[in-house]
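Only one structure is covered here, and it is reproduced in the block below.
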Amino acid sequence: MAKFLTNREENYSQWYNDLVIKADMAENSAVRGCMVIKPYGYAIWEKIQSELDRMFKATGHVNAYFPLFIPKSFFSREAAHVEGFAKECAVVTHYRLKNSPDGKGIVVDPDARLEEELIVRPTSETIIWNTYKDWIQSYRDLPLLINQWANVVRWEMRTRLFLRTTEFLWQEGHTAHATRQEAEEEATRILNLYTDFVENYMGVPVIKGVKTESEKFAGAIDTYTIEMLMQDGKALQGGTSHFLGQNFAKAFDVQFTNQEGKLDYVWATSWGVTTRLIGALIMAHADNNGLVLPPKLAPIQVVIVPIYKGNDQLDKISDIAVDLKRQLEKAGLSVKYDNRDTQKPGFKFAEYELKGVPVRLAIGPRDAEEGTVEIARRDTLTKETIRRENVVGHVLGLMDDIQQNIFRKAVEFRENNTFTADTWEEFTDIIENRGGFVLAHWDGTAETEEKIKDLTKATIRAIPLNSPEEKGSCILSGKPSNRRVLFARAY
RNA sequence: CGGGGUGUAGCGCAGUUGGUAGCGUACUACGUUCGGGACGUAGGGGCCGGAAGUUCGAGUCUUCUCACCCCGACCA
């Protein structure tokens with residue numbers, strides 16, 4: 001089996017790439033670094049969107065939409081921000097084309113140069129804070145809790161489907177608060193919301209932490225992160241929530257009158273997750289047979305495949321299948337009955353395994369006769385035969401089972417691949433030979449962090465929020481440290 | 001931007017000393033099949049990335065050019 005996929009153990013990144021394409025999620029487009037998200041991949045994104053959107057609204061946020069273009073001058077207002085993004089911005093300089101004077105095609109009309117160039121947003125803090133300035137006068141206008149579903153562009157050097165593309169889809173929340181404490185609470189609330197989503201819907205365990213000075217978002221005071229471990233032992237940052245302090249308020253002059261009647265700058269957060277989560281979903285759970293989707297995010301939760309010879313058998317089986325489909329849908333499941341006559345059952349089995357459909361029902365003439373159904377689960381690839389009347393209950397149970405099982409497997413994988421290192425030799429041995437998360441002491445300086453990165457390509461993924469105090473000495477410099485930080489090679 | 005590589009059918013590839021393009025797969029039709037990616041027969045599909053040059057003749061040789069991929073620096 002699985003001869004159509006590159007073996008995961010043989011070449012992990014080839015396996016990943018094959019899988020994205022073969023499972024029909026996305027493909028490279030004619031535009032450098034930009035992907036086409038195909039219907040099946042987009043359906044997964046829609047599931048992610050709808051759950052997150054529900055969670056944002058349940059915590060008091062509302063959606064809005066801000067422009068794709070940002071005037072260049074806005075960017076220079078916040079020094080650290082421009083520094084962080086300048087090198088990867090797409091810039092609009094003209095607004096018109098014309099026929100080429102030599103008759104070959106069209107050219108940019110030099111007379112149509114923009115007075116001020118427009119940046120295609122790599123993130124929207126600047127345009128949003130420039131807008132918020134007019135919306136916020138008083139503490140009564142606060143908090144402002146807005147989210148936007150959008151696309152952004154970051155001109156990365158190298159791209160990979162879902163993991164890093166020039167244009168990507170995301171949500172970005174931008175909130176304004178009257179006090180520092182409120183803003184910090186918001187940043188934490190969202191970090192916890194992301195954790196809830198990634199662990200309970202995607203089935204991927206995360207480490208919550210705060211980024212180091214050099215890894216934090218350009219313009220933030222603190223960047224909180226959730227870090228996940230992929231099956232090849234590399235880390236993936238799944239989402240970030242930034243406490244921005246008053247940096248953007250000051251840069252865009254967003255002041256309000258507080259309850260004491262005094263002017264003050266507002267406190268801000270921003271936070272986001274992207275289509276990269278789909279990459280995480282793949283790399284955390286998929287195997288050599290293809291995708292393994294958590295039931296809560298699977299576009300198709302149950303597929304029914306008929307096995308038959310001739311139209312008489314098909315008719316009989318279809319009656320049963322359609323009835324089962326109706327029952328399962330009534331129970332809230334999304335079900336596909338694949339009665340295509342153009343593919344054989346074996347082909348369909350392989351196809352739905354490739355696409356990660358959690359549960360497959362097969363009904364053949366034998367089952368029709370005996371009142372049974374063959375039921376197969378994607379996560380364990382096991383099959384059993386059950387009575388037709390028990391199908392709905394059994395499938396509902398399986399949905400929970402599979403959801404929990406893939407999470408449990410991912411937790412176990414992470415536990416088996418999280419190490420502590422106390423010496424430089426131990427540290428480099430693990431990074432070079434085993435991969436995974438490494439908890440180690442660090443002296444807290446950017447110089448040491450940089451040196452470790454240069455020597456091993458491992459970075460500090462996060463300073464875990466729940467890590468206990470512990471006296472130790474830095475693996476590289478030997479200087480004192482009082483807590484371990486999380487190292488890994490990362491995507 | 002540095003180092004390496006590749007452009008030939010939808011996709012994956014072969015193409016010898018230069019002689020007018022082929023394999024696998026996918027596609028179309030018909031038939032037999034159908035409980036784990038079926039088989040047979042017959043078909044269709046090509047400006048050989050682009051431009052210029054050498055030659056009677058270029059997928060093949062020369063020069064230029066464009067695009068993409070991999071490894072680094074950058075990054076959600």
Side-chain angles (χ1 to χ4, degrees), chain A residues 1-6 11 13-14 17-18 21-22 24 27-34 83-89 104 122-123 151-172 194 211 214-218 223 225-228 235-242 270-280 289-290 305-311 313-314 317 339-355 360-370 372-374 376 381 383 385 450 453-454 457 459 461 490-491:
Chain A
M1 250 196 277
K3 55 191 162 183
F4 298 87
L5 265 187
T6 301
N11 184 341
S13 58
Q14 187 68 46
N17 219 23
D18 274 12
I21 288 163
K22 297 261 167 66
D24 220 21
E27 63 188 28
N28 283 307
S29 72
V31 185
R32 196 207 91 111
C34 296
E83 164 81 21
F85 285 102
K87 284 171 290 184
E88 52 187 49
C89 286
K104 290 186 213 158
T123 179
N151 58 340
V152 288
V153 166
R154 296 184 188 175
W155 214 267
E156 305 290 355
M157 301 293 179
R158 294 185 53 216
T159 60
R160 287 190 71 191
L161 293 170
F162 288 118
L163 297 177
R164 189 180 308 108
T165 46
T166 300
E167 180 191 12
F168 57 92
L169 305 183
W170 76 348
Q171 60 67 217
E172 46 179 327
Y194 285 159
K211 287 287 185 186
S214 45
E215 293 274 340
K216 76 182 189 187
F217 177 74
T223 288
T225 178
I226 49 174
E227 295 289 326
M228 313 183 233
L236 185 77
Q237 180 176 312
T240 48
S241 177
H242 315 293
S270 70
W271 28 274
V273 298
T274 77
T275 35
R276 171 183 263 196
L277 285 182
I278 297 174
N289 294 305
V305 177
I307 299 159
Y308 59 94
K309 292 183 207 179
N311 281 333
Q313 283 190 1
L314 177 60
I317 289 165
N339 62 350
R340 283 178 299 173
D341 192 35
T342 50
Q343 312 292 351
K344 291 180 54 181
F347 180 94
K348 294 176 184 175
F349 292 170
E351 186 180 25
Y352 292 109
E353 269 161 25
L354 190 56
K355 291 194 160 194
R360 181 188 71 229
L361 305 179
I363 308 169
R366 220 158 51 215
D367 298 301
E369 199 76 17
E370 294 166 13
T372 56
V373 173
E374 182 192 83
L381 293 170
K383 296 190 276 202
T385 299
E450 181 71 21
K453 184 179 173 183
D454 287 347
K457 291 185 197 150
T459 51
R461 302 317 304 154
Y491 276 98

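Chain A is the first sequence line, chain B the second, and so forth, proteins listed ahead of strands; every chain is numbered from 1.
Residue contacts shown for A:Ser13 are absent, as no nucleic acid heavy atom lies under 4.0 Å away. Counting non-hydrogen atoms under 4.0 angstrom, A:Lys383 reaches a base of the nucleic acid. A:Gln343 comes within 4.0 angstrom of no nucleic acid atom, judged by non-hydrogen atoms across all strands. Counting non-hydrogen atoms under 4.0 angstrom, A:Leu163 reaches a base of the nucleic acid. Across all strands shown, A:Arg360 has heavy atoms under 4.0 Å from base atoms, whether or not it also approaches the sugar-phosphate. Contact annotation for A:Glu156: base contact, defined as any heavy-atom pair under 4.0 Å involving a base atom.
Base orientation of B:rC47: syn, the glycosidic angle falling within 90° of 0.
In this structure, the separation between OG1 on A:Thr274 and CD on A:Gln171 is 9.5 Å, given to the nearest 0.5 Å. In this structure, A:Lys344 NZ and A:Ile307 CD1 are separated by 11.0 Å, a value rounded to the nearest 0.5 Å.
Formation of a donor-acceptor pair under 3.5 Å by the A:Tyr308 side chain with backbone atoms of A:Ile363 is not found in this model. The backbone N or O of A:Lys309 lies less than 3.5 Å from a partner atom in the side chain of A:Gln313, making a donor-acceptor pair. Between the A:Lys22 side chain and the A:Gly290 main chain, no donor and acceptor come within less than 3.5 Å of each other.
Applying the side-chain contact (heavy atoms from CB on, under 4.5 Å) criterion to A:Thr240, with sequence neighbours excluded, gives A:Thr223, A:Thr225, A:Gln237, A:His242. Checked against side chain to side chain donor-acceptor pair (under 3.5 Å), A:Thr123 has the following partners two or more places apart in sequence or in another chain: A:Glu125. Partners of A:Glu88 according to the salt bridge (Lys or Arg N to Asp or Glu O under 4.0 Å) rule, which considers only residues two or more places apart in sequence or in another chain, do not exist here. In this structure, A:Arg154 has no salt bridge (Lys or Arg N to Asp or Glu O under 4.0 Å) partners at least two apart in sequence or on a different chain.
In this structure, CG of A:Asn17 is placed 14 Å from C1' of B:rG12, rounded to the nearest angstrom. Between the CG atom of A:Asp367 and the P atom of B:rG35 there is a distance of 13 Å, given to the nearest Å. Between the CD atom of A:Glu215 and the C1' atom of B:rC75 there is a distance of 10 Å, rounded to whole Å.
If you take atom P in B:rU6 and the same atom in B:rC61, they sit 12 Å apart, rounded to whole Å.
A:Glu353 contributes a side-chain N or O that forms a donor-acceptor pair with the base of B:rG36 under 3.5 Å.
For A:Ile307, the side-chain atoms get nearest to B:rC34 when compared with the rest of B:rC74, B:rC34, B:rG36. Of the listed nucleotides (B:rC75, B:rG37, B:rG35), B:rG37 has the atom at the smallest distance from the side chain of A:Ala350. Of the candidate nucleotides B:rG35, B:rG37, B:rC74, B:rG35 has the atom nearest to the side chain of A:Glu374.
Using a 4.5 Å heavy-atom threshold, the side chains of A:Cys34 and A:Thr165 count as separate.
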Could you go over nucleotides 38-40 of chain B and give all protein N or O partners under 3.5 Å, atom names and distances?
from: B:rA38; atom 1: O4'; to: A:Lys344; atom 2: NZ; distance (Å): 3.4

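Stems are defined here as 3 or more consecutive Watson-Crick or G-U wobble pairs with pairing distances under 3.5 Å; those involving RNA chain B are B:1-7 with B:66-72, B:10-13 with B:22-25, B:27-32 with B:38-43, B:49-53 with B:61-65.
Applying the 4.0 Å criterion to OP1 and OP2 of B:rG72, one finds that A:Lys457 has a side-chain N or O inside that range.
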